[in-house]
Amino acid sequence: MLLERLVVGKLQTNCYIVGCERTNDAMVIDPGDEAERVLQSVRSAGLEVTDIFLTHFHFDHILAAETLHKETKATLHIHKREANLLTHPPPIFRTFSPEVPHGLKADNLLHNGDALSVGKLSIRVLHTPGHSPGGISLWIPEENAVFCGDTLFREGLGRSDLPGGDHQTLIKNIRDKLLTLPEETQVYPGHGAPTTIAHEMRHNPWIASQE
């Protein structure tokens, strides 16, 4: 697996470029801003973007999605519960960022347990709501990697006070969907440094506080 993390935008969002070494096909996860920078990184790596995944609809994870979609013709994915929220974002988001796209439509609506592929990389969709109603994590079992958006951070977790958020739902899905992954799984969050499932099981105070 080829992996590049770009920290983009005012909120320092992690945008991931994940490529298949055997085919040079790639996916972009959470193109939160700086579309030209993301495209340049893809070109420099000699990759072809076939898929764009949005872990959730929040503005800081989608600002470059429209441009990338047009430039690459890649399939744009989001969970089914957030299709309408992507197309019609809450007005509050424009308070934070006037550039939030309106009318952006996903090509494919995801469901929990969906099995997808990018090149020879096999991806499993985990529905992990709580930060948002249709938040997803993308698990690549053979690479021991999960990309979890704003569900889980290194020794932290996503906020739950934005539209569609719920703290107890967030905790439940972290426990049921993420902490059940192999402990050696590398966790790539929507903001901040990577971590591992093992580290979070032992050191994440938000999870420990729920015991």
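Keep in mind that the numbers below use all heavy atoms, side chains included, and drop hydrogens, waters and symmetry copies.
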Stepwise side-chain contact (heavy atoms from CB on, under 4.5 Å) check, D51 with V28: CA-CA 7 Å; D51 297 87; V28 175; over 6 Å; no
Spacing of OG1 belonging to T23 relative to CD belonging to E21, to within rounding of 0.5 Å: 10.0 Å
Side chain to side chain, L121 and M1, heavy atoms closer than 4.5 Å: yes
4.5 Å side-chain heavy-atom contact, W139 and I123: no
H56 and H58 aromatic ring geometry - parallel, tilted or perpendicular at 30°/60° bounds: perpendicular
Any donor-acceptor N/O pair, N173 side chain to L170 backbone, under 3.5 Å: no
Side-chain donor/acceptor of T169 to backbone N/O of G165, under 3.5 Å: no
Joint hydrophobic cluster, L178 plus I140, side-chain heavy atoms closer than 4.5 Å: no
Under 3.5 Å donor-acceptor, H167 side chain and S160 backbone: no
Cluster overlap V38 with I29, hydrophobic side-chain contacts below 4.5 Å: no
Test salt bridge (charged side-chain N to carboxylate O under 4.0 Å, His left out) applied to E36 - qualifying residues, sequence neighbours left out: R43
Rounded distance (nearest 0.5 Å) linking atom CZ of R154 with atom OG1 of T195: 4.5 Å
Least distance between heavy atoms, G192 atom then P189 atom: O-CG, 4.0 Å
Residue pair L116, F53: steps toward the side-chain contact (heavy atoms from CB on, under 4.5 Å) verdict: CA-CA 11 Å; L116 303 166; F53 287 93; 3.6 Å; yes
Whether D30 side chain and C15 backbone form a donor-acceptor pair below 3.5 Å: no
T87 (side chain) donor-acceptor with L104 (main chain) under 3.5 angstrom: yes
No-hydrogen, no-angle side-chain donor-acceptor test under 3.5 Å, E142 and S122: no
Verdict with supporting geometry, Q40 and E34, side-chain contact (heavy atoms from CB on, under 4.5 Å): CA-CA 10 Å; Q40 183 57 48; E34 304 180 48; over 6 Å; no
L157 and I171, any side-chain heavy atoms less than 4.5 Å apart: yes
V118 side chain near V18 side chain, heavy-atom distance below 4.5 Å: no
Stepwise side-chain contact (heavy atoms from CB on, under 4.5 Å) check, L3 with I17: CA-CA 6 Å; L3 174 62; I17 300 169; over 6 Å; no
Rounded distance [0.5 Å steps], CD in E4 versus OG in S44: 8.0 Å
Distance, nearest 0.5 Å, that separates CG of L162 from CZ of F57: 8.0 Å
Donor-acceptor contact below 3.5 Å, side chain T13 vs main chain G9: no
Side-chain (T185) to main-chain (P182) donor-acceptor, under 3.5 angstrom: yes
Point-to-point distance, once rounded to the nearest 0.5 Å, from CD1 of I136 to CG of L126: 9.0 Å
Q186 CD: over 12 foreign heavy atoms closer than 6.0 Å: yes
G32 versus L63, closest heavy-atom pair with distance: O-CB, 3.0 Å
N144: partners by side-chain hydrogen bond (donor to acceptor under 3.5 Å, both in side chains), with sequence neighbours left out: none
Pair E155, H199: side-chain N/O donor-acceptor within cut-off below 3.5 Å: yes
Heavy-atom side-chain contact between V187 and I197 under 4.5 Å: yes
Beyond-backbone contact of T72 with L39, side-chain heavy atoms, under 4.5 angstrom: yes
Geometric class of the H127/H79 ring pair [parallel <30°, tilted 30-60°, perpendicular >60°]: parallel
Heavy-atom side-chain contact between I62 and L86 under 4.5 Å: yes
Residues forming a side-chain contact (heavy atoms from CB on, under 4.5 Å) with H69, sequence neighbours excluded: I52, L76, D107
For R202 against A198, the heavy-atom pair lying closest together: NH1-O, 3.0 Å
Non-hydrogen atoms of G134 and E82 that approach each other most closely: N-OE2, 2.6 Å
Aromatic plane relationship, Y16 with F147 - under 30° parallel, 30 to 60° tilted, over 60° perpendicular: perpendicular
Donor-acceptor pair, side chain of R175 and main chain of I207, under 3.5 angstrom: yes
Nearest-0.5 Å distance that lies between atom CG in D60 and atom CG in L11: 5.0 Å
Minimum heavy-atom distance L109-D114, with the two atoms named: O-OD2, 4.3 Å
Where A106 and I78 come nearest, the two heavy atoms and their spacing: CB-CG2, 3.6 Å
Non-hydrogen side-chain atoms of K177 and N112 separated by less than 4.5 Å: yes
Name of the residue among D33, N14, D150 meeting side-chain hydrogen bond (donor to acceptor under 3.5 Å, both in side chains) with H61: D150
